[in-house]
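See below for the structure under consideration.
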Amino acid sequence: MNTELQERSFAARVKDEICQISADLPTCCYHAMSYGLLLCGRSFSSSSMMLVTEHKGTAELYSKAVGDIIGKEPEIKESESGKFSVSVSRKEDRLKVLSAFGISERTIGVRINRANIADECCYASFVRGAFLACATVTSPQKSYQLEFMFPYLHLADDMLNLLQELNVIPKMSKRRNSYVVYIKRSEVIEDLLMTVGAQNCALEIMQIKIEKDMRNKINRKVNFETANIDRSVAAATEQREAIRRLKEDGRFETLSDELKELAQLREEYPEASLKELGELLSVSLSRSGIYHRLNKIVSIAQSDD
Ligand SMILES: [Zn+2]
């Protein structure tokens, strides 16, 4: 993975991709995207309407969406910590925005008004806006988690249902004062990113998964082979030790000719595998035949201690 890609967080790159698409949507989808973006911001009512984000492109899109309705784009403020905020400061402007989405001042509670998601094509765009405003996704290098965070249960519920209609099945949990609609399965995250048009990031998840898989497979194979080698080295050492003792106490000459021949080979080729030893014998023998003969040598050496 090149460093340039890692400098900008994965979530920021997803949002970059979404912003790029969102600037160029058909009117119906742009309306739905704007609605998602405003509705899922920090607040969306006649008394307060604002967005706080770490993603500059999202702040710009929010300002533009508001500007399209009230005729003047609100200012984007940047905090010391690098967060961007945009707010609609005048009440009459907030009412104008609300009414553009069919919401009256007296409407209580924040829900998803489906009238703003006119057509099939608009659903993905609504999710685009919502994602920009209140979602994040972890880097697939670390883990798989995509989550939308809502201040109201009803809004979280509505989002859950809407995503289900798009065949994305999320889960919901409560965290402090927020309701989190989240996805942990990488394939579902890929689907959602594809749906909102963050194709490059979706592909990146797939690619990283393949790399992780390969690495795991290689590690398993290496571990397996190392364990095998350890076992065979330990066995060969034990066999050579047995032969040495048999020679020392003069019992080596009492061994049968076939055992003697094998013992000589074992000493001569301490690192040879059982199969290789079998091929070196004057009358070649299978791996298991060698195994039994070597075991016999070892047990003879151990028998008369
Ligand atoms: Zn549309």
Side-chain angles (χ1 to χ4, degrees), residues 11 13-42 44-45 49 51 53 55-71 73-74 86 88 93-104 107 109-137 146-150 152 154-170 181 183 188-203:
R13 284 186 287 113
V14 170
K15 291 187 180 185
D16 289 346
E17 270 197 86
I18 296 176
C19 279
Q20 223 165 17
I21 291 164
S22 300
D24 207 15
L25 292 169
T27 314
C28 60
C29 294
Y30 181 76
H31 180 81
M33 186 282 300
S34 302
Y35 178 55
L37 183 58
L38 279 109
L39 175 69
C40 303
R42 163 106 19 126
F44 185 64
S45 73
M49 192 174 288
L51 171 91
T53 178
H55 189 253
K56 194 175 181 191
T58 299
E60 287 166 354
L61 205 59
Y62 187 96
S63 174
K64 183 174 180 301
V66 173
D68 287 344
I69 298 164
I70 66 172
E73 292 185 12
V86 193
V88 186
D93 288 338
R94 291 194 291 270
L95 291 176
K96 238 187 235 174
V97 172
L98 289 174
S99 97
F101 296 107
I103 305 157
S104 75
T107 311
V110 187
R111 313 269 331 217
I112 295 176
N113 178 0
R114 296 284 182 119
N116 292 306
I117 311 171
D119 241 313
E120 284 289 303
C121 61
C122 308
Y123 277 79
S125 286
F126 174 80
V127 178
R128 281 183 186 121
F131 186 94
L132 290 174
C134 73
T136 189
V137 55
L146 184 153
E147 58 182 44
F148 293 84
M149 219 190 289
F150 299 97
Y152 311 108
H154 286 313
L155 187 53
D157 252 344
D158 286 356
M159 191 66 186
L160 193 88
N161 291 329
L162 189 139
L163 287 173
Q164 279 170 350
E165 288 167 38
L166 288 171
N167 288 324
V168 172
I169 312 296
V181 174
I183 305 165
V188 185
I189 295 176
E190 287 162 16
D191 285 349
L192 183 78
L193 295 186
M194 282 295 204
T195 303
V196 297
Q199 264 93 352
N200 291 334
C201 288
L203 285 172

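Indexing begins at 1, ligand by ligand and atom by atom, following the structure's order. Throughout, residue positions are numbered sequentially from 1 according to the sequence presented. Side chains are part of it too, since the values below use all heavy atoms of this structure and drop only hydrogens, waters and symmetry mates.
- Listed by chain and residue number, the protein N/O/S atoms under 2.8 Å of the Zn ion (ligand 1) are Cys28 SG, Cys29 SG, Cys121 SG, Cys122 SG, with waters left out.
- Ion pairing between a basic and an acidic side chain is recognised when a charged N comes within 4.0 Å of a carboxylate O; Glu17 and Arg128 show no such pairing.
- Checked against salt bridge (charged side-chain N to carboxylate O under 4.0 Å, His left out), Glu147 has the following partners two or more places apart in sequence or in another chain: Arg175.
- With a 4.5 Å cut-off on side-chain heavy atoms, Val66 and Tyr62 count as touching.
- Under the 4.5 Å side-chain criterion, counting only non-hydrogen atoms from C-beta, Val110 is not in contact with Ser45.
- Judged by distance alone, the side chains of Tyr35 and Asn113 never bring a donor and an acceptor atom under 3.5 Å apart.
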>> Quick one, Arg114 with Leu162, criterion side-chain contact (heavy atoms from CB on, under 4.5 Å). Give me CA distance, side-chain angles, the key distance, then yes/no.
In response: CA-CA 10 Å; Arg114 296 284 182 119; Leu162 189 139; 3.9 Å; yes
